[in-house]
Amino acid sequence: MVTKQFTGSSDDADLRRADSLAREIFSDVANKWALLIIEALGERTLRFSELRNEVEGISHKMLTQNLRMLERNGLVERKVYPTVPPRVEYTLTRPGQALRATVDLICGWTHQYFGHIESARRRFDT
């Protein structure tokens, strides 16, 4: 994947433009696995296996891909300890913590409107 370099133009920060860096970043972090990983990490440091246990249903491959993407975007810090077997821990960075605040709002919204959405789905499906 070729990543567009930010040049400081408003076009690069415009989510509505298909070729903007902002849309690429938005696409990276606005997926269910990334959001669930960010929520699971919270203010904690977790090992890979702990994260996998926290995020039910995620495959080893998807967790690896999303952790790499989050690390690439500077949202997660990966620390490797030189042990046998290697111990790897993940922690949210400062920007990751800031994004977590937004994820927490989305989680709150989900809880608040869960009943409404469930009812709407039932009506729609019948």
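Position 1 is the first residue of the sequence; numbering continues from there. Note that this is a predicted model, so its numbers are computed, not measured.
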Exercise. Is there any salt bridge (Lys or Arg N to Asp or Glu O under 4.0 Å) pair reaching into residues 51-63, and which pairs are they, with sequence neighbours excluded?
Worked result: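 For residues 51-63, and leaving out neighbouring residues, the salt bridge (Lys or Arg N to Asp or Glu O under 4.0 Å) pairs sorted by first residue read R44-E54.
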
Exercise. Does atom CZ of R87 have more than 12 heavy-atom neighbours, drawn from other residues, nucleotides or ligands, at distances under 6.0 Å?
Worked result: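 Enclosed.
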
Problem set entry | F114, CZ: over 12 other non-hydrogen atoms inside 6.0 angstrom |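 Incorrect, the count does not exceed 12.
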
Exercise. For W109, what are the other residues in its hydrophobic cluster, where any two members join if their side-chain heavy atoms are less than 4.5 angstrom apart?
Worked result: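 Result for W109 is Y113, I117.
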
Problem set entry | Smallest separation among heavy atoms of A34 and N66, with atom names |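 Here A34 and N66 meet closest at N-OD1, 3.6 Å.
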
For this session: Identify the heavy atoms of L67 and I37 that sit nearest to each other, and give their distance.
Result: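 Smallest interatomic distance, heavy atoms only, reads CD2-CG2, 4.0 Å.
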
Starting at [atom1] of [X], measure out to [atom2] of [Y] and round the result to the nearest 0.5 Å.
X   : Y   : atom1 : atom2 : value
L99 : I38 : CG    : CD1   : 4.0 Å
L41 : L46 : CG    : CG    : 5.5 Å
D28 : L70 : CG    : CG    : 8.0 Å

Taking salt bridge (charged side-chain N to carboxylate O under 4.0 Å, His left out) as the test, write out the residues that go with [X], two or more places apart.
X    : answer
R100 : E43, D104
R47  : none
E50  : none

For this session: Indicate yes or no for a side-chain donor-acceptor contact from T64 to the backbone of H60 under 3.5 Å, with no hydrogens or angles considered.
Result: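 Pair found, side chain donor or acceptor close to backbone of H60.
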
Exercise. Any donor-acceptor pair under 3.5 Å linking the side chain of N73 with the backbone of L75?
Worked result: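 Not a single qualifying donor-acceptor pair exists.
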
Establish whether [X] and [Y] are linked, either directly or via other cluster members, by ILVMFWY side-chain heavy-atom contacts under 4.5 Å.
X    : Y   : answer
L63  : V80 : yes
I25  : M69 : no
L105 : V29 : no

Would a 4.5 Å heavy-atom cut-off, applied to side chains only, mark [X] and [Y] as touching?
X   : Y   : answer
K79 : T45 : no
V76 : L92 : yes
W33 : I58 : yes
M62 : Q65 : yes

Exercise. Can you name the ring-ring contact (aromatic ring centres under 6.0 Å, His included) partners of H111, sequence neighbours left out?
Worked result: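 Testing H111 for ring-ring contact (aromatic ring centres under 6.0 Å, His included), a comparison that skips the adjacent residues, returns none.
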
Exercise. Strictly by modelled atom types, are E71 and Y90 linked by a side-chain donor-acceptor pair under 3.5 Å?
Worked result: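 No donor-acceptor contact under 3.5 Å links the two side chains.
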
